[in-house]
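Worksheet: one structure, shown below.
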Protein chains: 2
Amino acid sequence: MEARIEKIKQSLQSKGYKLTPQREATVRVLLENEEDHLSAEDVFMLVKDKAPEIGLATVYRTLELLSELHVVEKMNFGDGVARYDLRSESNHHHHHHLICVQCGAVDEIMEDWLTPLEERLEREYQFKVLDHRLDFQGICHRCKDKALPPEAE
Amino acid sequence: MEARIEKIKQSLQSKGYKLTPQREATVRVLLENEEDHLSAEDVFMLVKDKAPEIGLATVYRTLELLSELHVVEKMNFGDGVARYDLRSESNHHHHHHLICVQCGAVDEIMEDWLTPLEERLEREYQFKVLDHRLDFQGICHRCKDKALPPEAE
DNA sequence: CTGTCTGCAAAGACTTTGCACCACG
DNA sequence: CGTGGTGCAAAGTCTTTGCAGACAG
């Protein structure tokens, strides 16, 4: 964890930015909640525990900055809030999301299933793929286990 | 086209809603721009040509309504605006997007490449897939043709 | 000092809601 | 006349920006 912070610090410094206490607290929150997809507000509330004086604007600015540095990825699941995901170490960041329409949970699958498709896209559509995103909406295993009675939407 | 409007009219009526002139104008705009992914504002401006007295709120309400009826799909490409897509006739709406990071164009591919993956998800992750979404970010063929000089981001 | 970074509050962008009025059965 | 629908304006939500002060080199 310290090593990852150190690395992020270097990313920042290489572009002339500093790892201020607020930024460090924000990064720590992201590291500690790597599995989740936190909104800015989520991050803000968690950071407040570490650095109560921080302002929401700083969190937004930090997330924006980390996003530019490709340390985090800003994403959008259609609920009207931006969510932020720490990018994995690997050069490609190909994880996919399982979004449960019942409980709202977002799980990740780390497998990369799309390489053959990307090759096909470049060949058949002349589209140079830089990144992709694959989300599935459905019912997660937890909700399936709960075996809720079927109900009309 | 008239046939599709008629169908949508029936969808509305089956739930007790009416196809008012404003709604019809909105639907027509969507039909005429099926290839694009219009934002509410886009739709509003186009509808104004047909029905100048319409209000933006009505467009939002109509799009929301059509969304509930699964006539359109509300989506989000991460630029902070909701975009609306007419759903295709087929029961599954599996199109994928090619989003150009250079010019912002969004093209569609209608092929459905994911059925095997969905089966695997259900088997291995116990996740019941209801829908999915697959977007690729990259450089579209038009921008590639322009052969812009490579530049560091 | 010089430039970056911060908190706060104000402004902004997009969307939703409240309300009085309209239209149609 | 009752229900849904509308336009307008106001309110809401999420995010960005302006600004004066803090802080580090």
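Just the heavy atoms: all of them, side chains too, but no hydrogens, waters or symmetry mates, feed the values below. So that the names make sense, note that chain A is the first sequence line, chain B the second, and so on, each numbered from 1. Keep in mind that this is a model prediction, so the values were computed, not measured.
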Exercise. Provide, to the nearest angstrom, the distance between the CG atom belonging to B/D79 and the P atom belonging to D/dC14.
Key: 18 Å

Self-check item: Nucleotide nearest B/T58 (side chain, heavy atoms from C-beta), chosen from D/dT15, D/dG4, D/dT6
Solution: D/dT6

Quiz item: Taking atom P of D/dT15 as reference, at what distance in whole Å does atom CG of A/L65 sit?
Solution: 17 Å

Exercise. Give the nucleotide from the list C/dC8, C/dC5, D/dG5 with an atom nearest to the side chain of A/A57.
Key: C/dC8

Quiz item: So which nucleotide from D/dT15, C/dT15, D/dG5 ends up closest to the side chain of B/L56?
Solution: C/dT15

Self-check item: Separation of atom OH in A/Y84 from atom P in D/dC14, rounded to whole Å
Solution: 12 Å

Quiz item: Taking the inter-plane angle between the rings of A/H96 and A/H132 on a 0 to 90° scale, is it parallel (under 30°), tilted (30 to 60°) or perpendicular (over 60°)?
Solution: tilted

Exercise. Starting at atom CG of A/L38, determine the distance to atom P of D/dT15, rounded to an integer number of angstrom.
Key: 13 Å

Quiz item: Do you know which of B/T26, B/L12, B/V72, B/V71 makes side-chain contact (heavy atoms from CB on, under 4.5 Å) with B/L65?
Solution: B/L12

Exercise. Between C/dC14, D/dT15, D/dA9, spot the one nearest the side chain of A/A40, thanks.
Key: D/dT15

Practice problem: Give one of base, sugar-phosphate or nothing for A/E41, where a contact means two heavy atoms less than 4.0 Å apart. | Solution: nothing

Quiz item: If you check the A/K74 side chain, which of D/dA24, D/dG4, D/dT16 turns out closest?
Solution: D/dT16

Quiz item: Quick one: does B/K50's side chain get under 4.5 Å of B/E32's, heavy atoms only?
Solution: yes

Practice problem: Just compare D/dG5, D/dC8, D/dT15 and give me whichever is closest to any side-chain atom of A/A82. | Solution: D/dT15

Exercise. May I ask you to say what B/R61 touches in the nucleic acid, namely base, sugar-phosphate or nothing, with a heavy-atom cut-off under 4.0 Å?
Key: base

Practice problem: Run the salt-bridge test on B/R123 and B/E119 with the 4.0 Å N-O cut-off and return the result as yes or no. | Solution: no

Exercise. Find the distance B/E24:CD to D/dT6:P and express it as a whole number of Å.
Key: 12 Å

Quiz prompt | Between D/dG4 (P) and B/Q13 (CD): distance, integer Å | solution = 14 Å

Exercise. Answer with base, sugar-phosphate or nothing: what part of the nucleic acid does B/K15 contact at a heavy-atom distance below 4.0 Å?
Key: nothing

Self-check item: Among C/dC5, C/dT16, D/dT16, the nucleotide that comes nearest once only the side chain of B/E64 is considered
Solution: C/dT16

Exercise. Check the distance between C/dC8's P and A/K48's NZ and give it to me in whole angstrom.
Key: 7 Å

Exercise. Establish, with yes or no, whether the OP1 or OP2 oxygen of D/dT16 is under 4.0 angstrom from a side-chain nitrogen or oxygen of A/Y60.
Key: no

Quiz item: More than 12 heavy atoms of other residues, nucleotides or ligands under 6.0 Å from CD of B/E35: is that the case?
Solution: no

Quiz prompt | Distance in angstrom units between A/K9 NZ and D/dA24 P, rounded | solution = 13 Å

Quiz item: Taking for each residue the nucleotide of DNA chain C bearing the nearest heavy atom, is the 5' side occupied by B/K18 or by B/S39?
Solution: B/S39

